[in-house]
Amino acid sequence: MIWKWLGALLLFPIQMVYLVVKAAVCLVLPPKLRDLSGENVLITGGGRGIGRHLAREFAKRGARKIILWGRTEKCLKETAEEIRMMGTECYYFICDVGNREEVYRQAKAVREKVGDITILVNNAAVVHGKSLMDSDDDALLKSQHINTLGQFWTTKAFLPRMLELQNGHIVCLNSVLALSAIPGAIDYCTSKASSFAFMESLTLGLLDCPGVNATTVLPFHTSTEMFQGMRIRFPNLFPPLKPETVARRTVEAVQMNQAFLLLPWTMHVLVILKSILPQAALEEIHKFSGSYTCMNTFKGRT
């Protein structure tokens, strides 16, 4: 028994070195991209913003069918028509992911009408954009229901069949604010931090499930209507991401089976700084970068 334990102890650092070297090689020589031609992709919040760009990107890369979920039929219909014009089969369903019964009901409808979902993209999100004391209680609950609990319901609805088929991928469009919160978006930051923990746990839980994987994307501020009015101090130094860039990198991460993706790569520096700097220094960074007051001009969707 002791020899087995010693063997595992000696092998562990070798495994770590191997995995680090392997990851470095993959950065230089990316692995072959996964073929999407047989995949049915469901995107929540798929009618506009990043969701619409994700639908375009999956269609462009050959996904078999694309299913859009959202709360606004006009946006869903417009996006679905655009995807069909690209030559990809597309369907839409009106669904509020924060409503558990509605998610399960529409998931059943999707299976009956379209078939099994093999890639689930949890993209739907809302932001209230106010401080805790200025926030409406119902708005705070809405953020948690859609941004966090919605992922519980959608994943529970589609993951069992993926496990049966031994073919599936759960994707979460998260935010770097899950790792570094800002004032004025306490509802969003809290829900995204919870969502990140959900995905981290889910990703580890799928290690022994062949053919089923997960990807979490944590982008910096992206120029969509949802965060309209948000301003940072040095926009030329830290420009907002384009939604089409986030969509492209997300689909690539799925095709490469990448578990976690920070956008842009400089966000890795933020994670390192949070690990080593004292709180007082981090507070000065927030003030200097303008993230401390960036939500003061927030307007959101109109």
In short, Val114 meets Asn40 closest at the heavy-atom pair O-ND2, 4.4 Å
Without placing hydrogens or testing angles, list every side-chain donor-acceptor pair under 3.5 Å for residues 85-98, not counting sequence neighbours.
residue: Glu89; atom: OE2; partner: Tyr91; partner atom: OH; Å: 2.2
residue: Tyr92; atom: OH; partner: Glu73; partner atom: OE2; Å: 3.1
residue: Asp96; atom: OD1; partner: Gly98; partner atom: N; Å: 3.0

With heavy-atom distances below 4.5 Å as the criterion, would you say the side chains of Leu261 and Arg249 are in contact? yes
Do we see a donor-acceptor contact under 3.5 Å between the side chains of [X] and [Y]?
| X | Y | value |
| --- | --- | --- |
| Gln151 | Ser195 | yes |
| Arg34 | His169 | yes |
| Glu39 | Thr118 | yes |

side-chain hydrogen bond (donor to acceptor under 3.5 Å, both in side chains): which pairs involve residues 122-134, sequence neighbours left out? Asn122-Thr154, Ser131-Asp134
In short, side-chain hydrogen bond (donor to acceptor under 3.5 Å, both in side chains) pairs touching residues 101-111 with sequence neighbours left out are none
Which residues satisfy the ring pair (Phe, Tyr, Trp, His ring centres under 6.0 Å) test with Phe198, sequence neighbours excluded?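 Partners of Phe198 by the ring pair (Phe, Tyr, Trp, His ring centres under 6.0 Å) criterion, ordered by chain and then number, come out as Phe152.
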If you look only at pairs with a residue in residues 242-262, which of them pass as a ring-ring contact (aromatic ring centres under 6.0 Å, His included), with sequence neighbours excluded? Phe196-Phe260
Going hydrophobic residue to hydrophobic residue with side-chain gaps under 4.5 angstrom, can you get from Val271 over to Met267? yes
Between Met256 and Val121, is there shared hydrophobic-cluster membership here, with clusters defined by ILVMFWY side-chain heavy atoms closer than 4.5 Å? no
Residues which pass side-chain contact (heavy atoms from CB on, under 4.5 Å) with Arg161, listed by chain and number, not counting sequence neighbours: Asp116, Glu164, Leu165
